[in-house]
Amino acid sequence: MNPEKIWLSSPHMGGNEQHYIEQAFKENWIAPLGPNVTGFEEDLQGYLGNNSHVSALSSGTAALHLGLIQLGVVAGDEVICQTFTFSASANPIVYLGATPVFVDSEEDTWNICPKALEKAILDRIENGKKPKAIIAVHLYGMPFRVDAIIAIAKKYDIPVLEDSAEALGSTYKKQKCGTFGTISVLSFNGNKIITTSGGGALVTKDEKVKQNTVFLATQARDQAPHYQHSQIGYNYRMSNICAGIGRGQMEVLEAHVAKRREMHHFYKHLFESISDVVLFKEPNSDFYSNHWLSAILLPDYTKREALRLAFEKENIETRPLWKPMHLQPVFKESPYYGNNIAESLFERGLCLPSGSNLTTLDKERITAVVRSFF
Ligand SMILES: *Cc1c(COP(=O)(O)O)cnc(C)c1O
């Protein structure tokens, strides 16, 4: 019989989640509002600091959608987006009838390259359209080059939508990821560092933006005794049950970050003497990653696939690095700026099991595959 599956990143409950859910049942707050929603938002605001105002939503994708709307993106606009990301970063651009303009990564952080970004902005302006927003992503929990990207955004007066879906607990120059954007986004999907089963949040420093986010997320109902609407609304608010899971998860967030970072150190030790493997790591001490996923680069595609299959044979889940958006069939018409760095990462890279709940036995099984492969 096959041994139990080792997952890339699976939900890890702290223990108190059910207490918050029971409370919701006792008080009959079975709705997309209630004390857990407010409590979870306060927990996140306390954690992020920096005058953050948080709106809990049904997903990170919903948060990106409402973020773009509030940055003024409308049909016909162009929005710059890091190409090396998960499709949810880019899809909401298309929901709005706008066009994504994809920008390559740089080699140190694997995130949006400042040089390619500036080139893209200048070229789009020359083409007659200044981009409405820049979506920058802290992929796998690694902060993007915050100072350089924010400086370019300021220079051209374009707002940054910070996709921090994978980076809760990461910091850049000691400031928490999720607090750098004009608007920032978090995700609590089942595979993220903490989960609400499904959920997300929009983070802003402007209390009015928070109020407007909640307004749009609850069907844009005007003040009136009857149902009245002067804007198109959405049903994007987080449920009070899901928020209960989130409250329990906030109690263990720091512990989960520590465990994920421990997994990174486990891989550092494991691959230390294997010259074919480069472990993805922080470029310098300005960057502090939650190491949501640990990832490696191999010399080429063939070796990468062989290692992936060797893990699969032992019922261990790994996954190639995310396929860049400009190579996705659905985005093949979109403009792209860069030097195929993301393409090469996709060809050679592999994400490894990184959960905060991996056991000593799991690590031994991973070690055994690596030792016999190399
Ligand atoms: C997970 C994820 C999202 C989307 O979040 P959901 O809560 O799953 O909708 C967006 N961007 C990135 C980079 C993600 O990893």
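Just so we're clear, the structure is a prediction, and the values are computed from it rather than from any experiment. FYI, the numbering just counts along the sequence from 1.
Of the possible polar contacts, one joining the Q45 side chain to the V54 backbone as a donor-acceptor pair under 3.5 Å is found. A donor-acceptor pair is defined here as one N or O able to donate and one able to accept, closer than 3.5 Å; such a pair exists between the side chain of K130 and the backbone of Y156. Without hydrogens or angle criteria, S105 side chain to F84 main chain gives no donor-acceptor distance under 3.5 Å. Between the side chain of S354 and the backbone N or O of L352 there is at least one donor-acceptor pair closer than 3.5 Å. In this structure, the side chain of N127 does not engage the main chain of K129 through any donor-acceptor pair within 3.5 Å. Between the side chain of E317 and the backbone N or O of L8, at least one donor-acceptor pair lies under 3.5 Å. Between the side chain of N290 and the main chain of I193, no donor-acceptor pair closer than 3.5 Å is present. In this structure, the side chain of S184 engages the main chain of G181 through a donor-acceptor pair within 3.5 Å. No side-chain donor-acceptor contact under 3.5 Å links K132 to the backbone of V79. Of the possible donor and acceptor atoms, none in the side chain of S52 sits under 3.5 Å from a partner among the backbone N and O of V203.
The aromatic ring centres of H65 and Y234 sit less than 6.0 Å apart.
Follow the hydrophobic side-chain contacts under 4.5 Å out from F40 and you never reach W29; the two are in separate clusters. At a threshold of 4.5 Å between side-chain heavy atoms, the hydrophobic network of Ile, Leu, Val, Met, Phe, Trp and Tyr places L293 and F346 in two separate groups. Follow the hydrophobic side-chain contacts under 4.5 Å out from I93 and you never reach M325; the two are in separate clusters. Note on F266: it clusters hydrophobically with L358, by side-chain heavy-atom contacts below 4.5 Å among ILVMFWY residues. I6 is connected to Y267 through a chain of hydrophobic side-chain contacts under 4.5 Å among Ile, Leu, Val, Met, Phe, Trp and Tyr, so both are in one cluster.
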Exercise for the section: Kindly indicate, with the supporting measurements, whether the criterion salt bridge (charged side-chain N to carboxylate O under 4.0 Å, His left out) is fulfilled by R145 and D108. Expected result: CA-CA 9 Å; R145 289 201 176 275; D108 289 341; 3.0 Å; yes

Problem - Chi angles and distances behind the ring-ring contact (aromatic ring centres under 6.0 Å, His included) call for F102, Y337 - result: CA-CA 6 Å; F102 293 113; Y337 294 85; over 10 Å; no

Practice task
Step by step, work out the side chain to side chain donor-acceptor pair (under 3.5 Å) result for Q219 and Y227.
Solution key: CA-CA 10 Å; Q219 308 286 23; Y227 285 140; over 6 Å; no

Exercise for the section: Would you sort out whether E312 and R308 count as a salt bridge (charged side-chain N to carboxylate O under 4.0 Å, His left out), showing the intermediate values? Expected result: CA-CA 6 Å; E312 193 174 270; R308 189 181 71 76; 3.3 Å; yes

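Under 3.5 Å, the side chains of N212 and Q70 contain a donor-acceptor pair of N or O atoms. Using a 3.5 Å distance cut-off with no hydrogens or angles, the side chains of H138 and E162 do pair a donor with an acceptor. Residues Y47 and E254 have side chains that bring a donor and an acceptor to within less than 3.5 angstrom of each other. Residues T83 and H326 bring a donor and an acceptor atom of their side chains to less than 3.5 Å of each other. Looking at Q23 and E27, their side chains do bring a donor and an acceptor atom within 3.5 Å of each other. Looking at T179 and Q175, their side chains do bring a donor and an acceptor atom within 3.5 Å of each other. Under 3.5 Å, the side chains of D222 and S230 contain a donor-acceptor pair of N or O atoms. No hydrogens or angles considered: a donor-acceptor pair under 3.5 Å links the side chains of N357 and S10. E106 and T109 share a side-chain donor-acceptor pair at under 3.5 Å.
Side-chain atoms of I135 and Q82, non-hydrogen and from C-beta on, never get closer than 4.5 Å to each other. Residues L33 and R237 have side chains not in contact (no heavy-atom distance under 4.5 Å, counting atoms from C-beta outward). Side chains of V277 and L297 form no contact here, defined as non-hydrogen atoms less than 4.5 Å apart. Here the side chains of M238 and F188 are in contact, with some heavy-atom distance below 4.5 Å. Within the 4.5 Å cutoff, side-chain heavy atoms of E17 are placed close to those of Q249. Looking at heavy atoms from C-beta onward, P320 lies in side-chain contact with R304 at the 4.5 angstrom threshold. In this structure the side chain of M250 reaches within 4.5 angstrom of the side chain of I194, judged on heavy atoms. Looking only at side-chain heavy atoms (C-beta outward), N240 and P35 come within less than 4.5 Å of each other.
Nearest heavy atom pair, residue P335 against residue P100, reads CD-O, 3.5 Å. The two residues R365 and E314 make their nearest non-hydrogen contact at NH2-O, 2.8 Å. Closest approach of T195 and P11 over heavy atoms only: CG2-CB, 4.1 Å. Here the closest heavy-atom approach between residue S9 and residue N191 is recorded as OG-O, 2.6 Å. Smallest separation of non-hydrogen atoms from A136 and I149: CB-CG2, 4.5 Å. Residue L279 comes nearest to A295 through the heavy atom pair CD1-O, 3.4 Å, listed as atom of the first residue, atom of the second, then distance.
Both tests hold for R261 against Y288: distance to the six-membered ring centre under 6.0 Å, angle to the ring axis within 45°.
Taken from OG in S334 to CD in E78, the straight-line distance is 9.5 Å, to the nearest 0.5 Å.
Other residues sharing a hydrophobic cluster with I245 under the 4.5 Å side-chain heavy-atom criterion for ILVMFWY residues are M13, I21, F25, I30, I241.
No more than 12 heavy atoms of other residues, nucleotides or ligands shown are found within 6.0 angstrom of CD on Q18. Within 6.0 Å of CG in N315 there are more than 12 heavy atoms belonging to other residues, nucleotides or ligands. At most 12 heavy atoms of other shown residues, nucleotides or ligands fall within 6.0 angstrom of atom OH in Y301. Residue-environment remark: CD (E107) stays at or below the threshold of 12 foreign heavy atoms within 6.0 Å. Atom CD of Q328 has more than 12 heavy atoms from other residues, nucleotides or ligands within 6.0 Å. Shown here is E126, whose CD atom has no more than 12 heavy atoms of other residues, nucleotides or ligands within 6.0 Å. The environment of NE2 in H269 is sparse: at most 12 heavy-atom neighbours from other residues, nucleotides or ligands sit within 6.0 Å. Counting non-hydrogen atoms of neighbouring residues, nucleotides and ligands closer than 6.0 angstrom, the NZ atom of K205 exceeds 12 such neighbours.
Between H291 and the options E262, K259, E282, a side chain to side chain donor-acceptor pair (under 3.5 Å) holds for only E282. If you run ring-ring contact (aromatic ring centres under 6.0 Å, His included) between F287 and each of F144, Y172, Y140, only Y172 comes through.
Ion pairing between a basic and an acidic side chain is recognised when a charged N comes within 4.0 Å of a carboxylate O; E118 and K155 show such pairing. With respect to the salt-bridge test (charged N to carboxylate O, under 4.0 angstrom), the residues E272 and K268 do not qualify.
Aromatic ring orientation, W110 versus F280: parallel (interplanar angle below 30°, classes split at 30° and 60°). Ring geometry, H12 versus H256: the interplanar angle falls under 30°, so the pair is classed parallel (tilted spans 30 to 60°).
In this view, R348 satisfies the salt bridge (Lys or Arg N to Asp or Glu O under 4.0 Å) rule with no residue, not counting sequence neighbours.
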